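Letters A, B, ... are given to chains in the order of the sequence lines, protein chains preceding strands, and every chain is numbered from 1. Model, not experiment: these values are computed from the prediction.
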There are 2 protein chains.
Amino acid sequence: MSQITMKELAKRLGTSVSTVSRALQNHPRIGLKMREDVMALAKELNYSPNTTAINLKKQSTKNVGVVVPWLTEQFFSMAITGIEDILFEKGYRVVLQQSRDDFEREEQAIQALMKHGVDGIIVSMGSGTYNHRHFLEVNRKGIPLVFFDRVVKSLPNSCVYTDITQASFEAVELLLNKGLTKIALLNGPNTMQSSNERLMGYVNALKLHQIELNPIYIKTTDLSVEDTVKKTHELLDLAVPPQAIFAFHDYMSLDAMQIAKERGLIINQDIFFVSFSNLSFCKYLEKPPFASIEQFPYEMGAKAANLLVDAMKKPDDYVREEVIIRSKLIVRV
Amino acid sequence: MSQITMKELAKRLGTSVSTVSRALQNHPRIGLKMREDVMALAKELNYSPNTTAINLKKQSTKNVGVVVPWLTEQFFSMAITGIEDILFEKGYRVVLQQSRDDFEREEQAIQALMKHGVDGIIVSMGSGTYNHRHFLEVNRKGIPLVFFDRVVKSLPNSCVYTDITQASFEAVELLLNKGLTKIALLNGPNTMQSSNERLMGYVNALKLHQIELNPIYIKTTDLSVEDTVKKTHELLDLAVPPQAIFAFHDYMSLDAMQIAKERGLIINQDIFFVSFSNLSFCKYLEKPPFASIEQFPYEMGAKAANLLVDAMKKPDDYVREEVIIRSKLIVRV
DNA sequence: CTGTTAGCGCTTTCAC
DNA sequence: GTGAAAGCGCTAACAG
């Protein structure tokens, strides 16, 4: 199926390619009749422009690469929905890649995108990412890059995130205000900035309420179910087990809750869970985690997309922006 | 940041662009020293080819469009993961669009993809899609297209799906074998082929077990939560309410279950639910829907991607394939 | 108002 | 083995 080109249109109309081009893009300096003729023939022949050629000419692809750890995590699929909505309306397309929290894969994805030619990139970093050379490479190439959620604040790129420290503080304080003092932290890996911020919020809250920090209540995990299960058992095996667990996210809360239930504990009575995510399906649970932090992923994605669009518009006088989306603590019970 | 081009490499090496091109792609008829020199300089200058130019030349973009109703539905995010895995390894990139079960949007998405230039398209149709003109257009343009899950069997495109009728039959039979006879069907819209197939499976099972079909037990919905709620109430308001509900998918089961619970019914005792999807988070429920049909979305996506890759390889002698992925009824209780 | 011309960056005959 | 040249489809000065 040989696509019909402007050359063909020009030939049939006995005119030149440039005239056809101008007519098609409603250039002012073009005769009315000619414009109409061209338009008519184009429609008749079902002409559609070759975007690749335009891309080559314009040095842009109207493609934006998006790299997230897991599409299957609700947080990310909602964020991508926000990204897609903004980008689509601005004429961009989303090229998607998952890093699966694996450094190698993330690097591969970024390289593929650069090689493939995208006008910009939006990234939420994987938990396994221990260095930033791929991002530096993107910056070196002058491709606009925006981070969201799992960001790198030390890089000169704009980023969108929630104040994890503050949100963590509020979550832990909620528990403290309930009179609970033995609160455990079931965290992500130390390598993740957001794990450290959770820790800070946790520490701050305890400090403010003059509860002594007990290191045995602090566990890090690699975010896997197995590790969550293991560390939860460790916590519940303690001589004085925690009354509440502040977990990395709802997925972790849910897995930890299963363990607690198996061990005969009653949720929201013997033990309380709070975490990030505010997963929608928790509403179907008889006993949902006590509270959760809503991070508004759709809005975060949309904001990141908007920042990227700005950056792509004016690659020269690019101003780094750091946008903090205010999270909200949702008490479920 | 002006990217470095082959022209630049050629200039610096005092050779021609064509030689550089050949050296870079390990053309046989090229001097060893020259090849090494070119390679070395390319590495040094961090040369990377302009994919758009290659695309224009090769008349292909290595981009594949994927259109699904909702990214946030686990079924689709898993399918896309399968698609992405296969496509990435074959050197293709996934361009993602969501139709949100809206015909206009689906049409827009398909058009944007065609215009944008993709080598192929994978689609799972939206529930609101009432005609196929956009697919016909894709076919007319000779762009390979493969359907999965929500397919159009009457079109000449390959497709991958589960045997909904058979799976529905098994699901309903499971209930019948439990001695339940008053079974309702909470279906999707009539416009969806897969709704009709569910209905057929339902009818077949009842017939085989010589249970008379009672039309008041059959409800269609537009898949929205509101409509699900409404129709569930209608069913439970009946003089003789159903003992079991076969719902479109787990999301619908869950919403319907909420209503049943609110009305004081005990799940898996007073009323049983079965549906499609086998959502992973149901494992966290005290009382999950009684059974669910696992459709192996990852495998479906992967298979669809493989079919598309084949179709893109040999656009001429294209053979339509219809692949049926065997589903599995998972009894949860 | 319209045609000519020169590319965008790369591949690929066709010569030498 | 290497270079010159054409061309993928389109845009945009530059001349009329």
**Report entry** Options D:dT11, D:dG3, C:dT2, nucleotide nearest the side-chain atoms of A:Arg22
**Finding:** C:dT2

Query raised in the report: Tell me: CG of B:Leu24 to P of D:dT2, nearest whole Å?
Result: 14 Å

Requested in this report: For B:His116 and D:dC10, give me the distance from atom NE2 to atom C1', rounded to whole Å.
Outcome: 16 Å

Reckon [X] has a side-chain N or O less than 4.0 Å from the OP1 or OP2 of [N]?
{"X": "B:Gln59", "N": "D:dG9", "result": "yes"}
{"X": "A:Lys7", "N": "D:dC8", "result": "yes"}
{"X": "B:Thr19", "N": "D:dT2", "result": "no"}

Any side-chain to backbone donor/acceptor pair from [X] onto [Y]? Under 3.5 Å, distance only.
{"X": "A:Thr52", "Y": "B:Asn55", "answer": "no"}
{"X": "A:Asp101", "Y": "A:Pro69", "answer": "no"}
{"X": "A:Asp119", "Y": "A:Lys62", "answer": "yes"}

Query raised in the report: Looking only at heavy atoms, which two atoms of B:Arg105 and A:Asp85 are closest? And how far apart?
Result: NH2-OD1, 2.9 Å

Report task. For the helix from C:dC1-D:dG16 to C:dC16-D:dG1, measure the angle between the helix axis at one end and the axis at the other, each built from five pairs, rounding to 10°. Result ->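 Axis angle across the helix from C:dC1-D:dG16 to C:dC16-D:dG1, nearest 10°: 50°.
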
Report task. Pull out every residue in residues 35-48 of chain A that has a heavy atom closer than 4.0 Å to any atom of DNA chain C, ordered by number, or say none. Result ->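 The answer is none.
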
Do the side chain of [X] and the base of [N] come within less than 3.5 angstrom through a donor-acceptor pair of N or O atoms?
{"X": "B:Arg29", "N": "D:dT2", "value": "yes"}
{"X": "A:Ser21", "N": "D:dA12", "value": "no"}
{"X": "B:Lys57", "N": "C:dG9", "value": "no"}
{"X": "A:Ser18", "N": "C:dT5", "value": "no"}

Query raised in the report: Is any side-chain N of the basic residue among B:Lys303 and B:Glu299 closer than 4.0 Å to the acidic one's carboxylate O?
Result: no

Query raised in the report: Is A:Lys153 atom NZ crowded by more than 12 heavy atoms from other residues, nucleotides or ligands, each under 6.0 Å away?
Result: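 Yes - once you tally the heavy atoms of other residues, nucleotides and ligands closer than 6.0 Å, there are more than 12.
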
Query raised in the report: Would you find more than 12 non-hydrogen atoms of other residues, nucleotides or ligands less than 6.0 Å from B:Lys33 atom NZ?
Result: no

Query raised in the report: Do the non-hydrogen side-chain atoms of A:Val20 and A:Thr15 ever get within less than 4.5 Å of each other?
Result: yes

With heavy atoms under 4.0 Å as the rule, sort [X] into base, sugar-phosphate or nothing.
{"X": "B:Leu56", "answer": "base"}
{"X": "A:Thr52", "answer": "nothing"}
{"X": "A:Ile30", "answer": "sugar-phosphate"}

Query raised in the report: Once you round to the nearest 0.5 Å, how far does CG of B:Leu307 lie from CG of B:Leu145?
Result: 11.5 Å

Report task. By nearest nucleotide on DNA chain D, pick out whichever of B:His27 and B:Ala53 is the more 5' one. Result -> B:His27

